[in-house]
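Quantities reported herein were computed from a predicted structural model and do not represent experimental measurements.
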Amino acid sequence: MTLTKRLAAFVYLLPLLLLCACASAENVPDGYDLYFQESNLNAAAGGGALQTEHIYLTAGNDPRELAETLMSELLKGPRDETLKSAIPAGTSLLSLELTGRRAVVDLSAAYSSLSGVSLTMADYAITLTLTQIPEIVAVQITVLGQELAYREKQVFLSREALLSQEEDVLRTVPATLYFLNSDGALTPENRLLELYEGDTQVGAAAKALERGPENRDLSPALPEGFQLNAVWQEDGICYVNLSAAQMENGTENLQTAIQALGRSMCSLESVNETWFLVDGEFSDDFAPVTAEKFYPISS
């Protein structure tokens with residue numbers, strides 16, 4: 001039976017359960033939302049990067065036990081194939097304690113593999129799930145009993161997790177973007193890119209290049225009307241997909257734009273190489289750009 005049919009059957013049977021004289025109030029299942037991430041963040045544009053699956057639990061009187069149950073269900077991952085867990089596979093719950101109205105959640109080492117936007121997504125997936133419990137208004141997340149030192153904040157509130165509003169910046173990422181100086185040479189401009197819900201680092205860098213420089217002495221390196229079919233990252237490689245229509249005037253005129261894109265993407269800490277495709281096919285016209293060439297690691 002499909003999930004939809006199971007839920008429909010439950011909704012149909014619920015009134016009958018309520019009429020059962022032997023059923024006490026505490027045995028009536030309560031509904032809760034589990035927060036997961038869109039499998040394809042590009043599909044989340046205009047909506048929330050975190051989506052929910054509804055479950056029904058028979059809640060007891062102990063909020064800590066209920067919180068443990070919700071965390072256990074969250075760690076199992078979603079049933080909907082369009083969603084994925086924001087929490088890394090292999091993460092387990094070591095302990096969950098309530099200190100006043102704060103839930104202190106201690107997770108296994110796998111959780112420490114997260115950073116940046118991925119860490120923010122996971123932190124708030126947990127926070128939004130647990131703060132449905134009236135006794136919990138704040139969540140603190142540790143790994144093996146220790147706070148993650150590189151995290152900007154350690155305690156989270158549900159009202160802060162307005163991930164579907166564009167004005168809420170999840171974090172900023174340093175980048176070096178390349179534009180043209182008065183002599184037509186590529187010139188770096190250091191920037192802090194603002195990442196909103198659903199944004200990726202490489203996507204934010206591409207948008208910033210399209211908008212142009214902040215320095216008035218510089219001009220855009222991307223030709224007027226230049227468009228990218230797509231830009232995405234897999235592991236340490238950024239892939240830039242160009243449109244074949246832009247090749248009509250010859251690839252030579254695009255080399256400067258290609259170099260600006262490649263160098264800018266490789267300035268991101270998570271990108272080691274930038275590869276170029278034309279209508280989804282790898283092109284021999286544009287060589288990959290490597291971070292090592294422009295950003296050598298100091299010994």
* For Asn229, all residues meeting side-chain hydrogen bond (donor to acceptor under 3.5 Å, both in side chains), sequence neighbours excluded -> Asp279
* Taking atom types as modelled, is there a side-chain donor on Gln37 or Gln51 under 3.5 Å from an acceptor on the other? -> no
* Asked: If you round to the nearest 0.5 Å, how far is CZ of Arg102 from OG1 of Thr99?
  -> 7.0 Å
* Structure fact -> Heavy-atom closest pair (Ser95 atom, Leu93 atom, distance to 0.1 Å) is O-CD1, 3.3 Å
* To do: To the nearest 0.5 Å, tell me how far Leu34 CG sits from Asp80 CG.
  => 12.5 Å
* What residue among Val231, Leu228, Leu277 forms side chain to side chain contact (heavy atoms under 4.5 Å, CB included) with Asn241? -> Leu277
* **Ring geometry between Phe282 and Trp275 (parallel below 30°, tilted from 30 to 60°, perpendicular above 60°)** => perpendicular
* Under the 3.5 angstrom rule, does the side chain of Ser72 hit a backbone N or O of Glu68 as a donor-acceptor pair? -> no
* Identify, with sequence neighbours excluded, every residue that meets side-chain contact (heavy atoms from CB on, under 4.5 Å) alongside Ala221. => Leu180, Leu186, Ala260
* To do: Hey, could you give me the CD/CG distance between Glu214 and Leu177, rounded to the nearest 0.5 Å?
  => 8.5 Å
* Asked: Going through the distances and angles, do Asn272 and Ile237 end up as a side-chain contact (heavy atoms from CB on, under 4.5 Å)?
  -> CA-CA 6 Å; Asn272 299 320; Ile237 300 178; over 6 Å; no
* Identify, with sequence neighbours excluded, every residue that meets side-chain hydrogen bond (donor to acceptor under 3.5 Å, both in side chains) alongside Ser92. => Ser108
* **Residues in side-chain contact (heavy atoms from CB on, under 4.5 Å) contact with Arg151, at least two apart in sequence or another chain** => Tyr111, Leu119, Asp123, Ile141, Leu148, Gln154, Phe156
* Asked: Quick one: side-chain hydrogen bond (donor to acceptor under 3.5 Å, both in side chains) partners of Glu210, sequence neighbours excluded?
  -> none
* Asked: What's the spacing between Leu193 CG and Asp199 CG if we round to 0.5 Å?
  -> 9.5 Å
* Any sub-3.5 Å donor-acceptor pair from Ser267's side-chain atoms to Thr176's backbone N or O? -> yes
* To do: Kindly indicate, with the supporting measurements, whether the criterion side-chain contact (heavy atoms from CB on, under 4.5 Å) is fulfilled by Leu128 and Leu50.
  => CA-CA 10 Å; Leu128 288 167; Leu50 293 179; 4.1 Å; yes
* Just do the side-chain contact (heavy atoms from CB on, under 4.5 Å) check on Ile55 and Arg79 with the steps written out, would you? => CA-CA 11 Å; Ile55 63 170; Arg79 290 162 290 182; 3.5 Å; yes
* To do: Step by step, work out the side-chain contact (heavy atoms from CB on, under 4.5 Å) result for Val117 and Val173.
  => CA-CA 10 Å; Val117 175; Val173 175; 5.9 Å; no
* From Leu94 CG over to Leu144 CG, what is the distance, rounded to the nearest 0.5 angstrom? -> 6.0 Å
* Asked: Residues two or more places apart in sequence or in another chain: which of them pass side-chain hydrogen bond (donor to acceptor under 3.5 Å, both in side chains) with Glu189?
  -> Arg191
* If you measure from CZ on Phe36 to CE on Met121, what distance do you get to the nearest 0.5 Å? -> 14.5 Å
